[in-house]
Each structure stands twice: as C-alpha cells, then as structure tokens.
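Below you'll find the structure, written out as structure tokens, and then a few comments.
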Amino acid sequence: MKKLGFGLMRLPLTDANDAKSINIPALCEMVDAFIANGFTYFDTAWMYCGGKSEDAVNEVLTKRYPRDAFSVTSKLPGYKIKSFEDRDIVFAEQLRKTGLEFFDYYFLHNVNSESLPTFEGYDCFGWIKEKKEKGFAKKIGFSFHDGPGVLDEVLTKYPFFDVVQLQINYLDWESAVQSRACYEIARKHGKDIIVMEPVKGGTLANVPKKAEDLFKSYNAEMSVPSWAIRFAASLDGVITVLSGMSNMEQLCDNMGYMKNFVPLTDEEIKLVHTARDIINSDVAIKCTGCEYCIVNCPQNIAIPKYFSLYNQNLTEAKTKKWTVEEAYYERLAANFGKASDCIACGQCESMCPQHLPIIEHLKEVAKTFEK
C-alpha cells in the first residue's frame, strides 16, 4: 500500500469546539479523493473524535465502498477493560459502529508501563492473537507510548505481533519521546512500523519563520509539513505514515508528494535536523493535541487547546498589550473548565503519551491568560 494513511482523529468538524461534530459530507469528499488517488489505509480508535470516529468509518467507507477498496485499523482501549468479558464487548461494539465484519489491522491501544498491568491482567495479548487466528483481524499490533526498554520487553515476551505503531517525527527523534531508539528496537525485532504523529499534532506544519525559511530556500515548492511526513516515510520498515487531515487542502498537499513518494536524501535529512534544532529553541509545551488527557478530566478542561494557545502566544511580539490568543482563551473558557480549575487529580498525566507535566503547565497557562 502507499505510504500515506488517513488518521481519523483530527477530522473536519461542523463545530470547532465539539470533537463529535464530524462534517460527514466534507469527510466523504476527502475520502473519495484519497481513494481515487490510490490510497487505502484508514486508522481509527474508540476514543477519537469524542467516540464518533468509528461511526464515521461506517458512514464514509463501509456504506459507500466495496470491502476490498480500503483497509481499517482500530484499537482495544485499555481504560475500558475492567473484566475479561469487556474485551469482547468492546470489540463487538467496534465492529457494530464501523459496520465491518473484521479489521484489517487491530491493535492494543497505547501500550506502556502503566497500561501493561491491565493488558496482561486480562490476557489481552492472548486474546488479540486469538482474534487474528479466527479471522477477525488480518494483522495485529499495538500502538506504543513509552521508552525503548519497555518496547523491547513487550516484543521479546510477545513476538507474534505483525506491526508496531510508533510516534516518529524529526522533533522527537532524539527527544524524551525517544523516537529513534524505539524505532531501532522495533526493527531489531523485525517488525513493520506504522508512524503516528509525524507532524506532531500540527507543530511541524507551523514552524518558526527561521525554520520555514530554511525549508523554502532549499525547495520553495515543498510545503513545510511535507518535510516531516517524508522524514518518517523515508525510514526503512515504515509501511505507512498517518496524517490527521482536517480539510481538503491538507489532503491534497499530502497526496501531492506521497502519491509517488521519493525518500529524503542525506542532504535533506541534515536540513531537517537543523530545522529541529531551531524549533526546539521555540516550543515551550511539546503537546501533540492527541486529547488523551481530556477523556476523563473531571473539570472538562480543554488542555490541548490551552497548550496550543500558550505556545502560539509566546511567538507574539513582547510589546503587545493584548493578543488574539487571550480572546480565544476566554471563548474556550466559557465552554470548558479554565486552566485554574485543575484539581491536580493526575489522570491527565497518566494518559499523556508525551509524559508531560500537565498540572504544572496548566498553572503556567492560568498565569498567562487568567490575569
């Protein structure tokens, strides 16, 4: 399959503040263009788009295309599993929501040191292997958010997985996320890799001007996010790179350079690493906007949106007495909990794939916007 996958997590919405309000007609147009250009891979999960992403699969794919025209991945959410019976209850509901009889790929969602006790305690590893044996999943794997040591342990103990989904992008290649080290572990075990967060939740689509100028001076025709996606897709063993595309413009840009994919040259890879160094000096809170943190937030705090505003606000001229980010914060706070409403329960930090100190960052946000 082509190396661009459609990530069904950041979709066109009818209401920008309601993740459930998927714009189905707009998404249908995007899906049609995607498939017409020879791309076939779609990635969803229970929690995406406020729990409505899997339903969207049924509307835009299952009801409109023959089954062999597309491939779908979904995932078992560990936080929903409280008993052995829950595994099949959740799986059956996912098949119902998507309208599918089987998944082309099925993963354990967000395997890490904190979720492992649940996945092992309810034998989800043996369970997912059985799902493949019975034909309910053509290939099996897991998405992973932890260090290389844990990944090595899991793949050594459970060698039957076909694929691993890893967060890989040039900003995290040598960061605390340890993209490079995790990639090398997966390849050591001979696993195919599907890349998530290649543009780091949009961070690498809106880089500092100095980094943008660096890219444009080398090739004015290539978009800024294209460098991030091509970096991930150029790695050996990567079978597809997921992109969360929320409008037709983003889709067409991605398809433009991924339809006939050309890997980065050594010179281009060096350029990307130079851009990484520039960006690392600017971004304060390295949030990808995955929204895992808000799933069970008792205060309904719009954490990723607030972090994005905070980062954007830091790029504003220091002489400004007021910034547009302040207005956006006020609008969001009218519908969501404020940053200062945080009760420090810690559930957000336990869910964060980036292992961010969210509670402390929320204090910084409150100090900046709640004057």
Side-chain angles (χ1 to χ4, degrees), residues 1 3 5 7 40-46 71-81 83-88 90-91 94-95 100 102-169 172-173 176-198 232-242 292 353 355:
M1 63 185 175
K3 280 196 169 187
T40 59
Y41 186 88
F42 296 84
D43 175 272
T44 186
W46 180 279
S71 298
V72 172
T73 293
S74 197
K75 312 172 187 80
L76 183 73
Y79 72 94
K80 296 288 292 184
I81 309 304
S83 69
F84 286 98
E85 292 75 21
D86 284 344
R87 302 171 304 176
D88 283 319
V90 169
F91 189 79
Q94 290 177 301
L95 289 177
L100 300 173
F102 66 90
F103 290 108
D104 302 275
Y105 293 80
Y106 194 75
F107 296 165
L108 302 180
H109 198 175
N110 193 13
V111 170
N112 57 57
S113 56
E114 293 184 356
S115 65
L116 265 176
T118 294
F119 286 129
E120 292 189 319
Y122 293 111
D123 190 26
C124 294
F125 290 95
W127 173 87
I128 197 172
K129 184 172 181 283
E130 185 178 329
K131 281 287 178 277
K132 178 182 177 181
E133 292 168 350
K134 292 184 176 180
F136 289 107
K138 298 301 181 183
K139 292 189 177 183
I140 56 174
F142 57 91
S143 62
F144 183 79
H145 292 288
D146 210 317
V150 177
L151 181 60
D152 194 31
E153 175 188 335
V154 172
L155 289 176
T156 299
K157 193 171 182 180
Y158 307 104
F160 49 77
F161 285 106
D162 301 298
V163 61
V164 181
Q165 184 168 304
L166 297 175
Q167 176 173 319
I168 296 177
N169 58 70
D172 288 326
W173 192 239
V177 177
Q178 301 183 80
S179 287
R180 178 188 59 78
C182 289
Y183 164 78
E184 291 173 352
I185 291 295
R187 293 305 294 153
K188 182 187 81 169
H189 286 271
K191 304 304 177 184
D192 287 336
I193 297 168
I194 293 173
V195 173
M196 56 184 161
E197 301 290 358
S234 297
L235 296 168
D236 180 57
V238 169
I239 58 175
T240 199
V241 177
L242 299 175
Y292 289 14
H355 311 294

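A quick note: this is a predicted structure, and the numbers were derived from the prediction, not measured. Reckoned from all heavy atoms, side chains included, excluding hydrogens, waters and symmetry mates.
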Between atom [atom1] of [X] and atom [atom2] of [Y], what is the distance when rounded to the nearest 0.5 Å?
| X | Y | atom1 | atom2 | value |
| --- | --- | --- | --- | --- |
| Ile128 | Phe119 | CD1 | CZ | 8.5 Å |
| Leu100 | Phe136 | CG | CZ | 12.5 Å |
| Phe125 | Lys157 | CZ | NZ | 8.0 Å |
| Thr240 | Asp192 | OG1 | CG | 11.0 Å |
| Met196 | His145 | CE | NE2 | 3.5 Å |
| Arg187 | Asp236 | CZ | CG | 4.5 Å |

Judged by atom type as modelled, is there a donor-acceptor pair below 3.5 Å linking the side chain of [X] to the main-chain atoms of [Y]?
| X | Y | value |
| --- | --- | --- |
| Arg87 | Trp127 | no |
| Ser179 | Gln167 | yes |
| Ser143 | Asn110 | yes |
| Ser71 | Asp104 | no |

*Side-chain contact, heavy-atom cut-off 4.5 Å: Asp86 with Lys80?*
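Sidechains of Lys80 and Asp86: no contact.
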*Determine whether Ile239 and Tyr41 make a side-chain contact, defined as any pair of heavy atoms from C-beta on separated by less than 4.5 Å.*
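The answer is no; the side chains never approach within 4.5 Å.
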*Given Thr44, Leu108, Asp43, the one that forms side chain to side chain contact (heavy atoms under 4.5 Å, CB included) with Lys75*: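 It is Asp43, the one option of Thr44, Leu108, Asp43 that forms the side chain to side chain contact (heavy atoms under 4.5 Å, CB included) with Lys75.
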*Between Val150, Ile185, Leu155, which is the residue that forms a side chain to side chain contact (heavy atoms under 4.5 Å, CB included) with Phe144?*
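Exactly one pass, corresponding to Val150.
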What pair of heavy atoms forms the shortest contact from [X] to [Y], and how long is it?
| X | Y | answer |
| --- | --- | --- |
| Ala232 | Ile168 | CB-O, 4.1 Å |
| Thr118 | Cys124 | O-SG, 4.4 Å |
| Pro148 | Cys182 | N-SG, 3.7 Å |
| Phe84 | Gly121 | CZ-O, 3.5 Å |
| His109 | Ala45 | CE1-CB, 3.7 Å |

_Tyr106/Gln94 under side chain to side chain donor-acceptor pair (under 3.5 Å): CA gap, chis, key distance, verdict_ = CA-CA 11 Å; Tyr106 194 75; Gln94 290 177 301; 2.5 Å; yes
*Is the ring centre of Phe91 less than 6.0 Å from the ring centre of Phe103?*
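Under 6.0 Å, so yes.
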*Can the ring centroids of Tyr158 and Phe142 be said to lie less than 6.0 angstrom from one another?*
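Tyr158 vs Phe142: aromatic centres not under 6.0 Å.
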*So, Asp123 and Lys129, do they make that salt bridge, N to O below 4.0 Å?*
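Between Lys129 and Asp123 there is no salt bridge, as every charged N stays at least 4.0 Å from the carboxylate O atoms.
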_Between Glu184 and Lys188, does the salt bridge (Lys or Arg N to Asp or Glu O under 4.0 Å) criterion hold? Intermediate values first, please._
CA-CA 6 Å; Glu184 291 173 352; Lys188 182 187 81 169; over 6 Å; no
*Start with the C-alpha distance between Leu166 and Leu151, add both sets of side-chain angles, then the distance that settles side-chain contact (heavy atoms from CB on, under 4.5 Å), and finish with yes or no.*
CA-CA 10 Å; Leu166 297 175; Leu151 181 60; 4.2 Å; yes
*Apply the salt bridge (charged side-chain N to carboxylate O under 4.0 Å, His left out) test between Asp162 and each candidate in Lys132, Lys191, Lys138, Lys139; give the one that qualifies.*
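With Asp162 as partner, Lys132, Lys191, Lys138, Lys139 yield a single salt bridge (charged side-chain N to carboxylate O under 4.0 Å, His left out), made by Lys132.
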*Measure the acute angle between the ring planes of Tyr183 and Trp173, then classify it against the limits of 30° and 60° as parallel, tilted or perpendicular.*
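Tilted.
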_Determine whether Leu116 and Asp146 satisfy the following criterion, side-chain contact (heavy atoms from CB on, under 4.5 Å), listing intermediate values before the conclusion._
CA-CA 11 Å; Leu116 265 176; Asp146 210 317; over 6 Å; no
*Between the side chains of Asp152 and His189, does any donor sit under 3.5 Å from an acceptor?*
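Their side chains do contain a donor-acceptor pair, which is all the 3.5 Å distance test asks for.
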_Do Ser115 and Tyr79 pair up side chain to side chain, a donor and an acceptor below 3.5 Å, judged on atom types alone?_
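Side chains of Ser115 and Tyr79: no pair found under 3.5 Å.
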